[in-house]
Amino acid sequence: MSLDWEYFFSLFTMSAFYSACVTVIILSTLGWFLGLVLGFVVACAKMSSSRWLNLPAGVFIWFFRSVPLLVVLVFVYNMPQLFPSTGPFLGVPFIAGLVSLVITEAAYIAEIHRSGLLSVNKGQHEAGHALNISFLGIQRLIVIPQALRISMPALTNEYVTAIKLSSLVSAISLPELLQTGQRLYSQNFLVMETLLAVAVYYVAIVTIFGSILQFIERKMDVPSRKPATLSDAECDALRQQAVAMPIRKTTSLTGLPPALQLKKLVKRFGDHVVLKQIDMKVAIGEVISIIGPSGSGKTTLIRTINMLEKLNDGEVVLFGEDFIQGHEKPNMKKVRSGMQRIGMVFQSFNLFPHKTALENIMMAARYHGTTKEKEVCRKQALFLLNRVGLLAHANKYPHQLSGGQQQRVAIARTLALSPDIILFDEPTSALDPEMVGEVLKVIQDLAKEGMTLIIVTHEMDFALSVSDRIVMMEHGVIQVDTSPSDIEHADESTPELLRMKRFMGMENEESKHV
Ligand SMILES: Nc1ncnc2c1ncn2[C@@H]1O[C@H](COP(=O)(O)OP(=O)(O)OP(=O)(O)O)[C@@H](O)[C@H]1O
């Protein structure tokens, strides 16, 4: 048996096939896109902690992934028999086909979205929170763009599946490609030629639209972008554009309330009490280093100050005003305005990987509208980047920067909100030794300018040189709270201080014999 090639080629000049192609493209594209949107809602519902949301979402995914599209299709198309009022809507084959495709696609795509959303690092949410960006803002600006990039290959694959699945709507007499072919070969019995032509049409659609999605995927692929270091001339040009930030001078003023007052802070993780009634005052412009053995609660302490950890009991007072009360539901208005005054720099930088260094710095100011115009915002970000010595790297993405450079960008990002207090959580612990100095220098400059700083650190020499007070924590309590000079002069008459001195590695020969 040989194929009738003349007939086969004639099928590519037949207008019925081209209108069938249009039907397939519209149906599968709409089905995929609406499935994308519905799938996102279902994924968010499934990830919600509310049983009222995650249970129905789980049932939806389980049910519609289990039922074949053909069954859903026939059911939806015949729905008007049960509910006649749906007739004008679901009785239309295109709409019945679209609704079925959207429901089935949404069940699959919800799981793709969920894996994308889950793969965005917790630190990204925390960095957004520390920049006082709301939950929805964090999703829109930080999480969804990253999750979409991660999910894009699987979503492209799902689009191809939608194109192929659209052939099933031939079962309800929608003149798509397969149905057009079936109608032809039922008249002339040239089955193989017709189906071969149908296959060619499908391959062409998949190839064209698959390539478009792959192009978008490549555009979203941040690691493949490699903006270069700017030349000296380019840096000079940018420096001319930079506009100084209105940084608040917070040198200690007598008569003003402390910048921070921690009153009997208690934090528990299950039965484990990590902070045991911590009391501490931080004056305006003061630099405090918190040291102590691993697990003593240093990080937890500063995380409770900006609500990254929920306080169980106690109170945080910010510039003399109520800020956080452990035993009460937070007053979100007060918390939001307080958070605006506290910046945080993380051990693992938590820069936004889909944004350049400059965009990382601009994000929060633009979100909060502290600087209305994008251009002013950009100029201030340039100023901050210049201040941390990274103007030449303005257009680079975090993956192109060294650890020390990333941390300096993170500090500039924090400064973009003009905070009054900055919390540093072991800012140099994730850095190679040769990069520690460059970050400490930036922190030292902030200290000299009178910024209020609380620094959790294991860099003892740095703590001694930069701090007004050094606080040593052990087992969730503050053991010693003293000045660097008291530590340096510690001897046997002050055993607590001597122990701290030893912990800091400053033990001298004399004291070793104590
Ligand atoms: N999310 C959490 N869930 C349960 N336990 C936690 C959590 N975070 C911290 N902890 C526990 O709280 C204690 C204090 O942890 P924290 O990170 O504050 O210590 P640290 O003094 O900063 O230690 P390190 O110097 O090693 O960073 C530890 O025992 C830790 O296991």
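Read the numbers this way: they start at 1 and go in the same order the structure lists the ligands and their atoms. Side chains are part of it too, since the values below use all heavy atoms of this structure and drop only hydrogens, waters and symmetry mates.
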For atom 17 (O) of ligand 1, what's the nearest protein heavy-atom neighbour? Residue, atom name and distance, please. Thr299 CB, 3.7 Å
Ligand 1 to Pro293, heavy atom cutoff 4.0 Å, flagged ligand atoms 21 (O)
Using a strict 4.0 Å cut-off to heavy atoms of Glu426, name the atoms of ligand 1 that fall inside it. 24 (P), 25 (O), 27 (O)
Any side-chain heavy-atom pair from Ile133 and His129 closer than 4.5 angstrom? no
Do Arg413's NZ or CZ and the ring of Phe352 fall within the cation-pi criteria of under 6.0 Å and 45°? yes
For Gly297, the ligand 1 atoms whose distance to one of its heavy atoms is below 4.0 Å: 14 (C), 18 (O), 19 (O), 20 (P), 21 (O)
For the pair Asn350 (side chain) and Gln124 (backbone), establish whether a donor and an acceptor sit closer than 3.5 Å, ignoring hydrogens and angles. no
How close do Ala416 and Ile361 get, heavy atom to heavy atom, and via which atoms? CB-O, 3.4 Å
Closest approach of any protein heavy atom to atom 26 (O) of ligand 1, naming residue and atom: Ser294 OG, 2.6 Å
Short side-chain donor-acceptor distance under 3.5 Å, Gln340 and Asn132: yes
May I ask you to identify, for Met473, whether its side chain, its backbone, both or neither come under 4.0 Å of ligand 1 on a heavy-atom basis? neither
For ligand 1, note which part of Val274 has a heavy atom under 4.0 Å away: side chain, backbone, both or neither. side chain
Using a 6.0 Å distance limit plus a 45 degree cone around the ring axis, check whether Lys267 lies over the aromatic ring of Phe269. yes
Numbering the atoms of ligand 1 from 1, which are under 4.0 Å from a heavy atom of Thr300? 14 (C), 15 (O), 16 (P), 18 (O)
With respect to Glu309, determine whether any N or O atom, backbone or side chain, lies less than 3.5 Å from an N or O atom of ligand 1. no
Please determine, by modelled atom types, if Arg378 and Gln241 share a side-chain donor-acceptor pair under 3.5 angstrom. yes
Return yes when atom CG of Asn331 has more than 12 non-hydrogen atoms of other residues, nucleotides or ligands closer than 6.0 Å, and no otherwise. yes
Looking at side-chain heavy atoms only, is the closest gap between Leu464 and Glu488 below 4.5 Å? yes
Among protein heavy atoms, which sits nearest to atom 23 (O) of ligand 1, and what does the distance come to when rounded to 0.1 Å? Gly295 N, 2.9 Å
In terms of residue, atom name and distance, what is the protein heavy atom nearest to atom 3 (N) of ligand 1? Phe269 CD2, 3.4 Å
Protein heavy atom at shortest distance from atom 29 (O) of ligand 1: His272 CE1, 3.2 Å
Taking 4.0 angstrom as the limit and counting only heavy atoms of His458, give me the atoms of ligand 1 inside it, by number and element. 25 (O)
Side chain, backbone, both or neither: the part of Arg303 lying under 4.0 Å from ligand 1 by heavy atom: neither
Side chains of Asn54 and Ser48, donor plus acceptor under 3.5 Å: no
The closest protein heavy-atom partner of atom 25 (O) of ligand 1 is Lys298 NZ, 2.8 Å
